[in-house]
Engineer: 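Have a look at this one.
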Protein chains: 2
Amino acid sequence: MDQSLLIFVTVAKMKNFSRAAEALHMTQPAVSLQIRSLENKFGVRLLERTHRTVRLTQAGEMLLAQAQDILDRYEELAAMMDDLQQGEVGHLAIGASYTFGEYVLPRILAKFCKAYPRVSTAISIENTRQVAEGILRREHDVGIVEGELDHPELETFPLFEDELMVIVPAGHPLACGFEADPDELAAQRWIVREPGSGTREAADRMFAATGLCPSAVMELGSTQIIKESVEAGLGVSLLSTRAVAKEVRLGILAMLRLRGHRIRRTFSAVLHRYRYHIRAVDHFMAVLREESGTLQGCGPPW
Amino acid sequence: MDQSLLIFVTVAKMKNFSRAAEALHMTQPAVSLQIRSLENKFGVRLLERTHRTVRLTQAGEMLLAQAQDILDRYEELAAMMDDLQQGEVGHLAIGASYTFGEYVLPRILAKFCKAYPRVSTAISIENTRQVAEGILRREHDVGIVEGELDHPELETFPLFEDELMVIVPAGHPLACGFEADPDELAAQRWIVREPGSGTREAADRMFAATGLCPSAVMELGSTQIIKESVEAGLGVSLLSTRAVAKEVRLGILAMLRLRGHRIRRTFSAVLHRYRYHIRAVDHFMAVLREESGTLQGCGPPW
DNA sequence: CTTATCATATAAGCTAATCATATGAAACAG
DNA sequence: CTGTTTCATATGATTAGCTTATATGATAAG
């Protein structure tokens, strides 16, 4: 901050060097020197020191207006930086995987936005791989993905577990039970997500683990489309229980475990390991962790 | 000026500490220190120093915008002060006596305004006494009065001489000659200005000097009204030759010398002796003096 | 006319901020 | 592995800015 302007403005307001000095917690000669150095710098008289009062010259009047303005902007700047330092303000670019972004994030985000209304947010819903790339490219401040990422520049923070189950339409022959045998499932038409998706990866792992080799596979790029398609009887799928909670409650879809298997994965927050992040990121992470606790036990309704 | 902001902005633009230092004619460590002190002051990282390039953090972006703005305002301020220092800009409150203000000042002012278009002016037309008071009260920067003022806080600069002559209407018996005898004038109805006016003072001095004691005297508060009144045959008056030049050329009024007398007075510029005055005042005084030379010889047309 | 009082200016010495020089450390490129 | 680039750190020097002490100047009071 430019001290001399503040000193000048104070003197101009108080019309008295000594009292201005007092207000500024300095001595009167220091004020005199500062004023004079300003006058010398601009080559203009700023104050007319007549006996017992100080009067502004025309130059002084002009300087006062401008100096006030500049000092106000310093105030503003300091407030801005302080807010930012406290994480009360800023912009958070969040990259989230489909399942988390569409079915979990909204409620977490609502909490965060309520607590930090002056932090603006931008959500990108992408698959796991894209989120990781976005963070490495510094397009996102935080990411949330399924599973852990193994990259030296990325740091992952496991949040909570998610279970995936086989989804079938309400009237389906398998819909009556809680579990299904692999060979029962092999005969189904399968619907899966695109490669790069965490949900797809989970499906692939399940197929590999059980030796399942479904005859018919359809690939769709969004969880919502898959749900609608399963409802419409186009096939069965493996989805996060969180993604189909509503449909199950409504009796539109049913979910089954694969006998002898529990297909689980962990949602993790991801940060760039070396990049400086603003304080608001810490606050967001705190809200994430806090909400993870309440979501921990969320599983199938039985 | 706040050096650290300038340094930050330079680094932010160049994205390189060393080159910024070069541009600012300082060494690289000095730049590093300044940036760090800014970061400490705000408690926020401003620049991410990755190898071979410098990237702005969010705080840095915000600071950059605000700092740019503040620096621009400093520029503006410096330019303003410089203009003022050079007398190119400012405001000039001019107090002028009636005769000078109405009949001489306009052309001088035109010259001045052409030379210094960014200096604004305010003209107060008052009588000599009021001009002096206005300057003492610091309401005027410059005054122009008739005669010299004797006040310790006022400094007068004689400009040029002015002659006053007796004004009669065109058809008047005295209008045929160039001179008039005091006793011829004593019989006339006289019109004079109000007390406090330099023109009135000149008339009073003439009456005293010649022993003239006019029987009928009318007092009017403006030269223009007096001219119109003389034209209308209401009486005769004593006015500056400059105030009636047009009317004489048109043959509407005639002017006469009082035999054996030349009634002269000097127009003077007046400044407050102790008050600081802006540079534009000097320029105005220069124009005044310059124009005074060309006006010096202006007298009656014979 | 002298003295007291108030307000700013000046002088001298000290402190602390700021700078430059020299050097170190990290990250690449060849 | 070595040279180069670039920022960080350490240290001594410079200087700007502050304080204390005192002067000056203008008015008010005795």
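What you see below is based on every heavy atom in this structure, not just the backbone, and it leaves out hydrogens, waters and symmetry mates. Reminder, nothing fancy here: chain letters follow the sequence lines and each chain counts from 1.
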Engineer: To the nearest Å, how far apart are A:Glu39 CD and C:dT8 P?
Structural biologist: 13 Å
Engineer: Give a yes or no on whether B:Arg200 atom CZ has more than 12 heavy-atom contacts from other residues, nucleotides or ligands under 6.0 Å away.
Structural biologist: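 Yes - once you tally the heavy atoms of other residues, nucleotides and ligands closer than 6.0 Å, there are more than 12.
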Engineer: Report the relative orientation of the aromatic rings in B:Phe267 and B:Phe100; use parallel for angles under 30°, tilted for 30 to 60°, perpendicular for over 60°.
Structural biologist: perpendicular
Engineer: Identify, between B:Ala30 and A:Asn16, the residue whose nearest nucleotide on DNA chain C lies closer to the 5' end.
Structural biologist: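 Here A:Asn16 is the residue nearer the 5' end.
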Engineer: Without decimals, in angstroms, what is the distance between A:Arg36 CZ and C:dA11 P?
Structural biologist: 8 Å
Engineer: Does A:Thr121 form a side chain to side chain contact (heavy atoms under 4.5 Å, CB included) with A:Cys113? I'd like the steps, not just the answer.
Structural biologist: CA-CA 8 Å; A:Thr121 50; A:Cys113 289; 4.3 Å; yes
Engineer: Is the number of heavy atoms from other residues, nucleotides or ligands within 6.0 Å of CG (B:Asp150) greater than 12?
Structural biologist: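 Atom CG in B:Asp150 is not packed in, count stays at 12 or less.
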Engineer: Measure CD1/A:Ile7 against C1'/C:dT8 and give the value in whole Å, please.
Structural biologist: 15 Å
Engineer: Would you indicate whether B:Arg19, at its atom CZ, is surrounded by more than 12 heavy atoms from other residues, nucleotides or ligands within a distance under 6.0 Å?
Structural biologist: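 No, the 6.0 Å shell around CZ holds no more than 12 heavy atoms from other groups.
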Engineer: Counting side-chain heavy atoms from CB outward, which of D:dA10, D:dT6, C:dT8 is closest to B:Pro29?
Structural biologist: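 Nearest listed nucleotide: D:dA10.
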Engineer: Looking only at the side chain of B:Phe17 (C-beta and beyond, no hydrogens), which of the listed nucleotides D:dT19, C:dA7, D:dA8 gets closest?
Structural biologist: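 Of D:dT19, C:dA7, D:dA8, D:dA8 is nearest to the side chain of B:Phe17.
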Engineer: Write down the distance between CE (B:Met14) and P (D:dT6), rounded to a whole number of angstrom.
Structural biologist: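 Answer to the nearest Å: 13 Å.
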Engineer: If only side-chain N and O atoms count, and only distance matters, is there a donor-acceptor pair under 3.5 Å linking A:Thr57 with A:Glu61?
Structural biologist: no
Engineer: Does a distance-only test, which skips hydrogens and angles, find a donor-acceptor pair under 3.5 Å between the side chain of A:Gln28 and the base of C:dA7?
Structural biologist: no
Engineer: Is the NZ atom of B:Lys111 crowded by more than 12 outside heavy atoms at less than 6.0 Å?
Structural biologist: no
Engineer: Nearest whole angstrom, please: distance from the C1' of D:dT6 to the CD of B:Glu22.
Structural biologist: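 Computing the B:Glu22:CD to D:dT6:C1' distance gives 13 Å.
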Engineer: So if I take every side-chain heavy atom of B:Met26 and compare against C:dA20, D:dT19, D:dT6, which nucleotide ends up nearest?
Structural biologist: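 The closest nucleotide is C:dA20.
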Engineer: What is the distance, rounded to the nearest whole Å, between atom CZ of A:Arg55 and atom C1' of C:dT8?
Structural biologist: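 These atoms are roughly 16 Å apart.
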Engineer: Counting only side-chain N and O atoms of B:Ser32, is one of them less than 4.0 Å from OP1 or OP2 of D:dA8?
Structural biologist: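 Answer is yes, contact under 4.0 Å.
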Engineer: Reading nucleotides 25-30 of chain C 5' to 3', which nucleotides get B (base under 4.0 Å from a protein heavy atom), which S (sugar-phosphate only), which -?
Structural biologist: --B---
Engineer: Taking any heavy-atom pair under 4.0 Å as a contact, classify B:Ser18: base, sugar-phosphate, or nothing.
Structural biologist: sugar-phosphate
Engineer: Aromatic rings A:Phe112 and A:Tyr116: how do their planes relate, parallel, tilted or perpendicular, breaks at 30° and 60°?
Structural biologist: tilted
Engineer: Compare side-chain N and O positions of A:Gln34 against OP1 and OP2 of D:dC18 and report whether any pair is under 4.0 Å apart.
Structural biologist: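 Yes.
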Engineer: Taking only side-chain nitrogens and oxygens of A:Arg49, does any of them come within less than 4.0 Å of OP1 or OP2 of D:dG25?
Structural biologist: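 No, outside the criterion.
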Engineer: Between D:dT6 atom C1' and B:Lys15 atom NZ, what is the distance in whole Å?
Structural biologist: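 To the nearest whole Å, that distance equals 16 Å.
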Engineer: Using a 4.0 Å heavy-atom cut-off across all strands, classify B:Val54 as base, sugar-phosphate, or nothing.
Structural biologist: sugar-phosphate
Engineer: Tell me: CG of A:Leu33 to P of D:dT22, nearest whole Å?
Structural biologist: 18 Å
